[in-house]
Chemist: 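Below you'll find the structure I mean.
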Amino acid sequence: MSEEKYISLAEVRELLAKESEERGERGIEFNPVQNSALMHAQTISKLDPEQAEEIASKVSQLEFFQSKAVPEYVAYKVADILPKYPVDVRAIFYKERISLEDSDVKNIIDIVVEYL
């Protein structure tokens, strides 16, 4: 059984681009859904995979409410969305029912801004 691993949209972009290139060399094209996924990843993802991984790592090391760490999948959402405003950060965490103090929001924005 394989272990579940979260990856960033930047890494998805790289994997899809590599697969598309390899298939192209063999004369095989992506189907429309695969093309759509690649186009979405290319349009939305602004960082390289290493930068996205660094953001996710830094965010996941932060501790919030009652010293609980940020779940890994939420850290990757931050790396994918790159929130620049408090309302955007709160929206990501609100969906996960994680309360943030203003200082927590500022810390996340500070991490994201380092890479923009």
Chemist: Please check: side-chain N/O of Thr43 versus main-chain N/O of Met39, any donor-acceptor pairing under 3.5 Å?
Modeler: yes
Chemist: State, with a plain yes or no, whether a side-chain heavy atom of Ile98 is found less than 4.5 Å away from one of Ile92.
Modeler: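 No - every pair of side-chain heavy atoms lies 4.5 Å or more apart.
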Chemist: Out of Glu54, Lys58, Gln51, which one pairs with Glu114 under the side-chain contact (heavy atoms from CB on, under 4.5 Å) rule?
Modeler: Lys58
Chemist: To check you understand the geometry: which heavy-atom pair defines the closest contact between Asp88 and Pro83, and what is its length?
Modeler: CB-CB, 3.6 Å
Chemist: Name all residues meeting the salt bridge (charged side-chain N to carboxylate O under 4.0 Å, His left out) criterion together with Lys106; count only those two or more places apart in sequence or in a different chain, and write none if there are none.
Modeler: Asp110
Chemist: Stepwise, does the side-chain contact (heavy atoms from CB on, under 4.5 Å) test hold for Asp104 with Leu62?
Modeler: CA-CA 8 Å; Asp104 300 329; Leu62 297 174; over 6 Å; no
Chemist: Taking atom CG of Leu38 and atom CD of Glu14, what is their separation to the nearest 0.5 Å?
Modeler: 10.5 Å
Chemist: Within the 4.5 Å heavy-atom criterion, are Tyr115 and Leu82 side-chain neighbours or not?
Modeler: no
Chemist: Using side chain to side chain contact (heavy atoms under 4.5 Å, CB included) as the criterion, list what pairs up with Ser45, not counting sequence neighbours.
Modeler: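 Counting only residues at least two positions away or on another chain, Ser45 forms a side chain to side chain contact (heavy atoms under 4.5 Å, CB included) with Leu9, Ala10, Arg13.
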Chemist: Side-chain heavy atoms under 4.5 angstrom apart, residues restricted to Ile, Leu, Val, Met, Phe, Trp, Tyr: same cluster for Ile44 and Val89?
Modeler: no
Chemist: Which pairs would a plain distance check flag for residues 17-30, meaning a side-chain donor or acceptor within less than 3.5 Å of a matching protein atom at least two apart in sequence or in another chain?
Modeler:
residue, atom, partner, partner atom, Å
Glu19, OE2, Arg23, NE, 2.9
Arg23, NH1, Gln34, OE1, 3.3

Chemist: Hey, any chance Ile81 and Ile7 share a hydrophobic cluster, counting ILVMFWY side chains that come within less than 4.5 Å of each other, even indirectly?
Modeler: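 Cluster IDs for Ile81 and Ile7 differ.
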Chemist: When rounded to the nearest 0.5 angstrom, what is the spacing between OH in Tyr94 and OG in Ser99?
Modeler: 9.5 Å
Chemist: Could you give all pairs that pass the salt bridge (charged side-chain N to carboxylate O under 4.0 Å, His left out) test and reach residues 93-103, with sequence neighbours left out?
Modeler: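 The answer is Lys77-Glu96, Arg90-Asp102.
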Chemist: Of all heavy-atom pairs between Tyr73 and Tyr6, which one has the smallest distance, and what is that distance?
Modeler: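 Residues Tyr73 and Tyr6, closest heavy atoms: CB-CE2, 3.3 Å.
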Chemist: With a 4.5 Å cut-off on side-chain heavy atoms, are Lys84 and Leu116 touching?
Modeler: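 The answer is yes; the side chains approach within 4.5 Å.
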Chemist: Check which hydrophobic residues are tied to Val87 through side-chain heavy-atom contacts below 4.5 Å, counting indirect links as well, and list them.
Modeler: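 Noted: Val87 shares its cluster with Tyr85.
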Chemist: Taking Tyr76 as the starting point, is it possible to reach Val112 by hopping between hydrophobic residues whose side chains are less than 4.5 Å apart?
Modeler: yes
Chemist: Honestly curious: do Ile55 and Phe93 fall in one hydrophobic cluster under the side-chain, below-4.5 Å linking rule?
Modeler: yes
Chemist: Which residues pass the side-chain hydrogen bond (donor to acceptor under 3.5 Å, both in side chains) test with Glu72, not counting sequence neighbours?
Modeler: none
Chemist: Does Gln61 form a side chain to side chain donor-acceptor pair (under 3.5 Å) with Ser57? I'd like the steps, not just the answer.
Modeler: CA-CA 6 Å; Gln61 291 174 14; Ser57 176; 3.3 Å; yes
Chemist: Is there a path of hydrophobic side-chain contacts, each under 4.5 Å between heavy atoms of I, L, V, M, F, W or Y residues, that connects Leu16 with Val33?
Modeler: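 Hydrophobic grouping puts Leu16 apart from Val33.
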